[in-house]
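Both ligands and their constituent atoms are indexed starting at 1 by order of listing.
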Amino acid sequence: MIRSAVLAATIGLAGVVQAQCPFASVGNLAARAEGLSRDQLSEFELDDSEGFMTSDVGGPIGDQEVLTAGERGPTLLEDFIFRQKITHFDHERVPERAVHARGAGAHGTFTSYGDYSNITAASFLGEAGKKTPVFIRFSTVAGSRGSADTARDVHGFATRFYTDEGNFDVVGNNVPVFFIQSAIHFPDLIHAVKPRPDREIPQAASAHDSAWDFFSQQTTGLHTLLWAMAGYGIPRSYRHMDGFGVHTYRLVTDDGKSKFVKWHFKTKQGKASLVWDEAQHMAGKNADYHRQDLWNAIESGNFPEWELNVQIFDEEQAQAFGFDVLDPTKIIPEELVPLTPLGVLKLDVNPINYFAEVEQAMFQPGHIVRGIDFTDDPLLQGRLFSYLDTQLNRHGGPNFEQLPINRPVVPIHNNNRDGAGQNFIHRNTAPQIDSPNTLNKGYPQQASQEKGRGFFTAPNREASGPLLRKRPSSFADHWSQPRLFYNSLTEVEQQFLIDAIRFETSHISPAIQENVLSQLNKISHDIATRVGSALGVKVPEEDPTYYHDNTTAGLSIFGNKLPTIATLHVGVLASSKSDESLAEARALKQAFARDNVTVGVVAETLAEGVDQTYSAAEAIAFDAIIVTQGTHALFNASTQSSLYPPRRPIQILTDGYNWGKPLGFLGYSINALEAAGGAEGPGVYRAPGVNGTFVEDIKEGLATFKFTNRFALDGA
Ligand code: HDD
């Protein structure tokens, strides 16, 4: 079995991993990728489509009744069928991830744009068109495994490349910076954001004392905090966020020349975010929103893509930046080092089994390949220890790398042996002797920079100096870049950020509120004043040491149009009592299908062409909402129905308006807008009936995504 796994991933002459597509028989994977996604797992699949129930050791059995002594007597210890079934169940769960417990993953393929051997010896970047299987797991950080997807949080973006020279993981996030500068603070950070130790609340939320005590005392976290409080903390979906490697790594060429690198995965779907009230509703109504979105997009053939970009720079450039590139709380503005695109990554295959493929995926920043190397970033250095350690705990032994989702697509040869759950049957009887050896004819040989395309540490890396327990003085500025971030947002994004901090800090004790304000004031007197005024807390005098007016490009989310609206979901509010309404709903479905925009028709009952009743529909599910004609009774507060909760159709429209969604009204249905408390303006479209202009308007509205003019600005 293992040998054929290795054979399935034959390395072709051009270095491309080749394997035949194994999915023809798998029903839910109809829209198949042309890449290599998930091929390496196919031979481990178990198919129950025929045959008899068996025990774990293969004997046919019936497992629905226990063996008893007499019809009403006790169960016998002899009942191996019962014991095996219950024992397995009792051991079914593994410890959830200490952080990033809540997540979803998918398989895909990375395609290199070119031959980048001039910057790295990494084989997956060695040739134009070269394809490498990948697996990505997205996550939130603080919540437990069953928590809601739309909790405000930094989001994990962990990518594994199954390269033909071993696995390479970029264990990153959807924001380019991190809360702390040294790994030794990680347990403290996580204890601060996790629920209170006594009553274990709140779940998956940072609006509590310990989190803000940490943020205001460990000021390294202020930068990441602002990203999380802005739209980055509540993305529309996993597909609508970027990924970042965060740390500075190194790229190394075959002949040992090395440069610094930052990894960026740029979403080709465009960045989009929810608004906070919407995210909170979603958390209660559909905790699986992001997981479902990723699954549905892939199942419907709308494969999400990210472009892999890098910022490449050398030591000399780094010296001139004015901040330390080993400090993971800093971005390198794109004005200093522009992005270089290297390839594209497409997710096109959903897991067949969540536990086997997503829960057991065990990433490590230490999964690295020839052509890439670490830096002395103290956070990265600590992570190199922690991930291996945590996998040992989750799996219970050292053979977790042999699990199908973790094993590489190339053969393994080393002297690691035995351990719980060992899968391999090693033929080599001399594993105690490193090569050169006599007993095994010198194999496995030692690979190196020159021989066997071995991994090698960048030749110019040096370390020396006195032993210190002290952070570098070059890491000391924690306020300039948070201000750069704030300056670079649009006015309404600044307002959202302030609203988020107001929300969070209104849940914390007065003493901590004061500390928070004094730190915010070091970033910006504007933020401090606006937060302080809402909390009724005295704002300190200006503290201008770190104030500046610099901005950097590319940080705004709401300021950009989406490059594609495919997979967005339009809600059509209809009435099952009106033929005119249902006819318009049908016409809208047809019109939007051309752009892969899905339409959900809502009515009182599930008449033909209706997808959902008002009793089950909510504005959160829709990216735009259209009201058809013949629906006036639904939007009249005095003619409500027992088929749905009071005023539900009006509520859908009110929420849609308040959450900035594009709204469309056909004919006299425009009257519903007033009933819902809205007013005409940008993002509100009307037409006498379904026509081309109206559909184009709604499409334009979807690309705009949020109509931020509906949100009040302080002082406006
Ligand atoms: Fe971490 C998981 C991202 C710092 C210790 N981390 C984990 C995951 C992501 C990140 C995306 C989930 C992987 C998956 O989907 O399975 N972590 C980051 C980033 C960091 C970071 C971008 C800073 C740049 N992490 C960090 C530090 C430590 C850890 C400093 C410990 C010293 N992280 C862990 C962990 C986890 C983890 C406890 C939990 C589950 C796992 O590793 O596999 O070891």
Open item on the list: Does this structure show an ion pair linking K330 with D377, if we count only N-O contacts that are shorter than 4.0 Å?
Closed with: no
Task: Which residue and heavy atom of the protein sit nearest atom 41 (C) of ligand 1, plus the separation - done: T390 CG2, 3.5 Å
Task: Numbering as shown, the atoms of ligand 1 that approach H247 to under 4.0 Å (heavy-atom distance) - done: 24 (C)
TODO: Looking only at protein heavy atoms, identify the closest one to atom 10 (C) of ligand 1 and say how far it is in Å.
DONE: H100 NE2, 3.2 Å
Open item on the list: Regarding D348 and K346, does a basic nitrogen lie under 4.0 Å from an acidic carboxylate oxygen?
Closed with: no
Open item on the list: Starting from atom 18 (C) of ligand 1, what is the nearest protein heavy atom, named by residue and atom, and what distance separates them?
Closed with: R383 NH2, 3.0 Å
Task: Sub-4.0 Å atoms of ligand 1 with respect to non-hydrogen atoms of A183 - done: 32 (C)
- [ ] Flag the pair R145 and E359 as a salt bridge only when some basic side-chain nitrogen lies within less than 4.0 angstrom of an acidic carboxylate oxygen.
- [x] yes
Open item on the list: Test your reading of the model: is there a side-chain donor-acceptor pair from W276 to the backbone of I234, 3.5 Å cut-off?
Closed with: no
Open item on the list: Quick check on contacts: which atoms of ligand 1 are under 4.0 angstrom from a heavy atom of G156?
Closed with: 11 (C)
TODO: Name the option, out of F186, Y387, F385, that contains the heavy atom nearest to atom 17 (N) of ligand 1.
DONE: Y387
Open item on the list: Checking D39 against S42: is there a side-chain donor and acceptor pair closer than 3.5 Å?
Closed with: no
Task: Nearest protein heavy atom with distance in Å, relative to atom 11 (C) of ligand 1 - done: G172 O, 3.2 Å
Open item on the list: Between ligand 1 and N173, is the shortest N or O to N or O distance under 3.5 Å?
Closed with: no
Open item on the list: Suppose we measure from atom 15 (O) of ligand 1 to each protein heavy atom; which comes out shortest, and what is that distance?
Closed with: R137 NH1, 2.7 Å
- [ ] Out of H185, R97, R160, indicate the one that has the non-hydrogen atom closest to atom 40 (C) of ligand 1.
- [x] R97
Open item on the list: Under 4.0 Å from a heavy atom of L379: which atoms of ligand 1 are those, numbered in the order shown and with their elements?
Closed with: 23 (C), 24 (C), 30 (C)
TODO: Assign the ring pair F168 / F124 to parallel, tilted or perpendicular, where the plane angle (0 to 90°) is split at 30° and 60°.
DONE: tilted
- [ ] Salt-bridge test for E357 and R137: reply yes if a basic N is under 4.0 Å from a carboxylate O, no otherwise.
- [x] no
Task: Considering all heavy atoms, the nearest P378-Q181 contact - done: CG-O, 3.3 Å
Task: Ionic contact status for D373 with R461, cut-off 4.0 Å - done: yes
Task: atom 43 (O) of ligand 1: the protein heavy-atom neighbour that sits closest, reported with distance to 0.1 Å - done: Q391 NE2, 2.9 Å
TODO: Using a strict 4.0 Å cut-off to heavy atoms of V246, name the atoms of ligand 1 that fall inside it.
DONE: 22 (C), 24 (C)
- [ ] Please answer whether the main-chain N or O of S556 pairs with a side-chain N or O of N560 as donor and acceptor at a distance below 3.5 Å.
- [x] yes
TODO: Nearest heavy atom to atom 38 (C) of ligand 1 wins, so pick from L388, L380, V99, V175.
DONE: V99
Task: Atoms in ligand 1 with a heavy atom of F157 nearer than 4.0 Å - done: 11 (C)
